[in-house]
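Worksheet for the structure shown next.
Just so you know, residue 1 is the first one in the sequence shown, and it goes up from there. Here the structure is a predicted model, which is why all the values come from computation and not from measurement. Start at 1 and go down the list; that is how both ligands and their atoms are numbered.
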Amino acid sequence: AAKSTGKNVAVAFHPSMTVEAHRRARLETELRKAIDADALHLVYQPQFDCRTSQLIGAEALVRWTHPSDGEISPAEFIPVAEGSELIVALGQWVLRRACLDAARWNAEHDTAIHVSVNVSARQLRQAQFTEQVKAVLDESGLASPLLELELTESQLMANMAVGVEAMQQLRTAGVRLALDDFGTGYSSLSYLQSFPVNNLKIDRSFIRPLPQAGQPIVAAIISMARSFGIAVVAEGVEEPSQLAWLCDAGCDIVQGYLTGRPMPVAQFRELLGAEIC
Ligand code: C2E
Ligand code: MG
Ligand code: MG
Ligand code: MG
């Protein structure tokens, strides 16, 4: 932050910045230990098919219970991890845990419920990333189409060429891809053509005003995605009226507190076969 203000001296000596920088440094050290000590865990948020109301998948979301600070949000510690190579180890841990969990829930229930895993740009840029994904699929026994990797538009835009090549390799390996937080980046809608993604996740900020306001933009995103053959996932669906509007507007998949909060894997396994509506 100091660099971007153009007022380096004033900002660098602001006492609250020092506290903030100190906390980040401490979190980074402790996060490194947490990964080694297996102190992270995953929760799973269900995704439902709008047309059939069937449970079709879950997004894996990482949680960190800090020994003294308690539960720390990934919104805080993921950016810390992304500031260093730590995100690579963290991301690898998440990927492996999620594939092992999904392979187990599908074997237990004879289902084909996918798992979606968030991937950071720094992971995607690693030359070995596709090989690591294949190795985790082999180890877990999870079928490749049951793994979906979520990438954000803003992270992909930072290095288009590397991103698109890595994405193509992953698609060749049979893995599915989703564009996360769609609409919050700065890219033109036409960039959607260059990303080989299966799904587009409309950011929660576009869902919140529905159905009273914001319908034209969501309708436009759905229709544009359709024309590219990309399925649409609505994130952050909290109200029955939003669910009804989205299903009616041709949205394919919904995810949000209304249909299911992120939950421990044991609880998610009990859901298999559940329905909405
Ligand atoms: P995201 O990938 O967009 O995940 C969706 C976030 O929205 C999750 O927050 C989820 O709990 C929250 N959410 C879902 N439904 C609702 C709803 O109806 N209302 C509201 N208000 N919120 C809802 P969470 O778990 O705190 O994760 C925040 C972000 O942290 C994620 O956003 C993702 O960018 C990042 N993240 C989480 N786990 C990982 C991970 O394993 N790797 C990476 N690289 N990033 C992760
Ligand atoms: Mg996500
Ligand atoms: Mg998202
Ligand atoms: Mg997000």
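Ligand 1 lies less than 4.0 angstrom from a heavy atom belonging to Arg63. The shortest separation from a heavy atom of Glu59 to ligand 1 is under 4.0 Å, placing the residue in contact.
Linking ILVMFWY residues whenever their side-chain heavy atoms come closer than 4.5 Å, directly or via other members, leaves Leu149 and Ile253 in distinct clusters.
Ion pairing between a basic and an acidic side chain is recognised when a charged N comes within 4.0 Å of a carboxylate O; Glu30 and Lys33 show no such pairing. Between Arg97 and Asp101 there is a salt bridge, with a side-chain nitrogen of the basic residue lying less than 4.0 Å from a carboxylate oxygen of the acidic one.
The distance from ligand 1 to the heavy atoms of Glu238 drops below 4.0 Å at these ligand atoms: 17 (C), 18 (O), 19 (N), 20 (C), 21 (N). Close approach to Ser120 involves these atoms of ligand 1, each under 4.0 Å from a residue heavy atom: 44 (N). The atoms of ligand 1 that sit less than 4.0 Å from any heavy atom of Gln45 are 14 (C), 15 (N). Ligand-side atoms of ligand 1 in range of Asp180: 1 (P), 2 (O), 3 (O), range being under 4.0 angstrom from any heavy atom. In the vicinity of Pro262, heavy-atom distances shorter than 4.0 Å reach the ligand 1 atoms 11 (O). Every atom of ligand 1 is numbered from 1 in the order shown, and the set under 4.0 Å from a heavy atom of Glu235 is 3 (O).
Between Arg51 atom CZ and Asp252 atom CG the span is 6.5 Å, to the nearest 0.5 Å. In this structure, CG on Asn118 lies 4.5 Å from CD on Glu59, to the nearest 0.5 angstrom.
Taking the Mg ion (ligand 3) as reference, Asp181 places its N/O/S atom OD1 nearest. Counting just the N/O/S atoms of Asp180, the one with the shortest distance to the Mg ion (ligand 3) is named OD1.
Put simply, Glu59 gets within reach of the Mg ion (ligand 2), with an N, O or S atom under 2.8 Å from it. Among the atoms of Thr152, none of the N, O or S atoms falls under 2.8 Å from the Mg ion (ligand 2). Residue Glu235: no N/O/S atom is found under 2.8 Å from the Mg ion (ligand 2). Not one N, O or S atom of Glu150 sits under 2.8 Å from the Mg ion (ligand 3).
Comparing Val117, Thr152, Val94 by heavy-atom distance to atom 41 (O) of ligand 1, the nearest is Val94. Looking at Gln242, Glu239, Arg204 and measuring to atom 7 (O) of ligand 1, the nearest heavy atom belongs to Arg204. The closest non-hydrogen atom to atom 35 (C) of ligand 1, taken over Ile87, Ile78, Leu42, comes from Ile78. Compare Thr184, Asn118, Leu61 by their heavy atoms: the one nearest to atom 2 (O) of ligand 1 is in Asn118.
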With a cut-off of 3.5 Å and sequence neighbours excluded, list every side-chain donor-acceptor pair involving residues 211-232.
residue	atom	partner	partner atom	Å
Gln215	NE2	Pro211	O	2.7
Arg226	NH2	Gly250	O	3.3
Ser227	OG	Met224	O	2.7

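For Pro46 against Met263, the heavy-atom pair with the smallest separation is CD-CE, 3.7 Å. Annotation for Arg269 and Trp105: closest pair CD-CB, 3.7 Å, computed over non-hydrogen atoms.
The closest donor-acceptor contact from the side chain of Gln255 to the backbone of Val233 lies at 3.5 Å or more, if one exists at all.
When only modelled atom types and interatomic distance are considered, Gln155 and Glu82 share a side-chain donor-acceptor pair under 3.5 Å. Between the side chains of Glu148 and Asn198, not a single donor N or O lies within less than 3.5 Å of an accepting N or O.
Here Asp181 has side-chain heavy atoms under 4.0 Å from ligand 1, and that is the only part of it that gets that close.
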